Amino acid sequence: MIKIDGLNDIISTSFGMWITALFGNIPAYNPGISFGDQKEVFFYILKKLLDEKKIYFEDPKSKFGSRIIWDEDTSTIIQYLLDRWPKSAKDENDVDLNTYFYEIPVILWVGDNGRLYSS
């Protein structure tokens, strides 16, 4: 795993936001990071947050906005997200990557009070 600067800041500044905030905050705290490393860090953070139960995803079979939590193990969720990652994406401004972020399930952040937050 590559060194991640500002991991806690990346997470805290992304809290409650759309998943693109998490992805976009990685280079904000790690200037010059390659796109490939940004992707690796992104999935590392998602796995960490899922394992710690600090995030959930909306079930992909539910209607948008229903907030039904996806009841699957971390590895299944991560694999689902990886399988849909656009192979042709070369940078964070790629239109296929933008489409990906809108097509994957909604991220649900768990607040200190146990309440779910999303944008």
Side-chain angles (χ1 to χ4, degrees):
M1 183 72 210
I2 65 168
K3 183 179 181 296
I4 307 167
D5 292 328
L7 178 60
N8 291 332
D9 292 329
I10 292 167
I11 294 168
S12 66
T13 58
S14 302
F15 178 82
M17 305 294 286
W18 196 257
I19 198 164
T20 54
L22 180 62
F23 188 74
N25 278 329
I26 295 166
Y29 290 92
N30 295 269
I33 192 170
S34 72
F35 181 68
D37 287 346
Q38 183 180 2
K39 175 186 172 187
E40 181 181 339
V41 169
F42 174 69
F43 282 103
Y44 168 80
I45 293 172
L46 288 178
K47 181 183 181 320
K48 173 183 173 36
L49 293 172
L50 283 164
D51 286 345
E52 294 173 357
K53 307 240 183 278
K54 292 185 177 181
I55 64 166
Y56 294 101
F57 281 90
E58 190 172 279
D59 190 314
K61 296 177 193 126
S62 66
K63 290 183 176 181
F64 181 78
S66 66
R67 302 301 183 252
I68 297 172
I69 292 174
W70 193 3
D71 188 25
E72 278 292 347
D73 61 277
T74 297
S75 61
T76 299
I77 294 170
I78 294 296
Q79 192 59 55
Y80 176 95
L81 297 172
L82 279 167
D83 288 347
R84 284 153 181 78
W85 184 269
K87 309 291 186 255
S88 64
K90 302 290 184 231
D91 64 50
E92 67 179 288
N93 297 314
D94 190 290
V95 70
D96 290 336
L97 186 60
N98 189 47
T99 301
Y100 166 80
F101 285 128
Y102 283 100
E103 289 180 344
I104 61 172
V106 172
I107 189 170
L108 305 169
W109 297 85
V110 181
D112 292 338
N113 58 5
R115 190 172 162 201
L116 297 177
Y117 296 86
S118 67
S119 61

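Small disclaimer: the values here were computed from a predicted structure and weren't measured. Positions are given from 1, in the same order as the sequence printed here.
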- prompt: Is there a side-chain contact between Phe57 and Ile19, using heavy atoms and a 4.5 Å cut-off?
  reply: yes
task: Check whether any side-chain heavy atom of Ile10 sits under 4.5 Å from a side-chain heavy atom of Ile4, and report yes or no.
output: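 In contact.
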Hey, can you pull the donor-acceptor pairs under 3.5 Å for the side chains in residues 101-114, sequence neighbours left out?
unit_1	atom_1	unit_2	atom_2	d
Trp109	NE1	Met17	O	3.0
Asn113	OD1	Arg115	N	2.9
Asn113	ND2	Tyr117	OH	3.2

field: By side chain to side chain contact (heavy atoms under 4.5 Å, CB included) - contacts of Asp71 (at least two apart)
entry: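 Per chain and number, Asp71 pairs via side chain to side chain contact (heavy atoms under 4.5 Å, CB included) with no residue.
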query: Which pair of non-hydrogen atoms, one from Phe35 and one from Ala89, has the smallest distance, and what is that distance?
result: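 Looking at all heavy atoms of both residues, the shortest contact is CE2-O, 3.4 Å.
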query: At their closest point, which heavy atom of Ile77 faces which heavy atom of Glu72, and how far apart are they?
result: CD1-O, 3.7 Å
task: Just grab all the salt bridge (charged side-chain N to carboxylate O under 4.0 Å, His left out) pairs involving residues 42-52, residues at least two apart or on different chains.
output: Lys47-Asp51, Lys48-Glu52, Glu52-Lys54
query: Can you tell which of Trp85, Tyr100, Trp18 makes a ring-ring contact (aromatic ring centres under 6.0 Å, His included) with Phe23?
result: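 Running ring-ring contact (aromatic ring centres under 6.0 Å, His included) over Trp85, Tyr100, Trp18 with Phe23 returns exactly one hit, Trp85.
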message: Among residues at least two apart in sequence or on other chains, which ones pass side chain to side chain donor-acceptor pair (under 3.5 Å) with Asp83?
response: Gln79
- prompt: Tell me, which pairs form a side chain to side chain donor-acceptor pair (under 3.5 Å) where one or both residues lie in residues 20-32, sequence neighbours left out?
  reply: Thr13-Asn25, Ser14-Asn25
- prompt: For residues 88-99, which residue pairs qualify under side chain to side chain donor-acceptor pair (under 3.5 Å), counting only residues two or more places apart or in two chains?
  reply: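 Checked against side chain to side chain donor-acceptor pair (under 3.5 Å) - neighbours excluded - the pairs reaching residues 88-99 are Ser88-Asp96.
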query: Distance from Glu58 atom CD to Ile69 atom CD1, nearest 0.5 Å?
result: 10.0 Å
message: Would you compute the distance between atom CG of Leu50 and atom CD1 of Ile45 and round it to the nearest 0.5 angstrom?
response: 12.0 Å
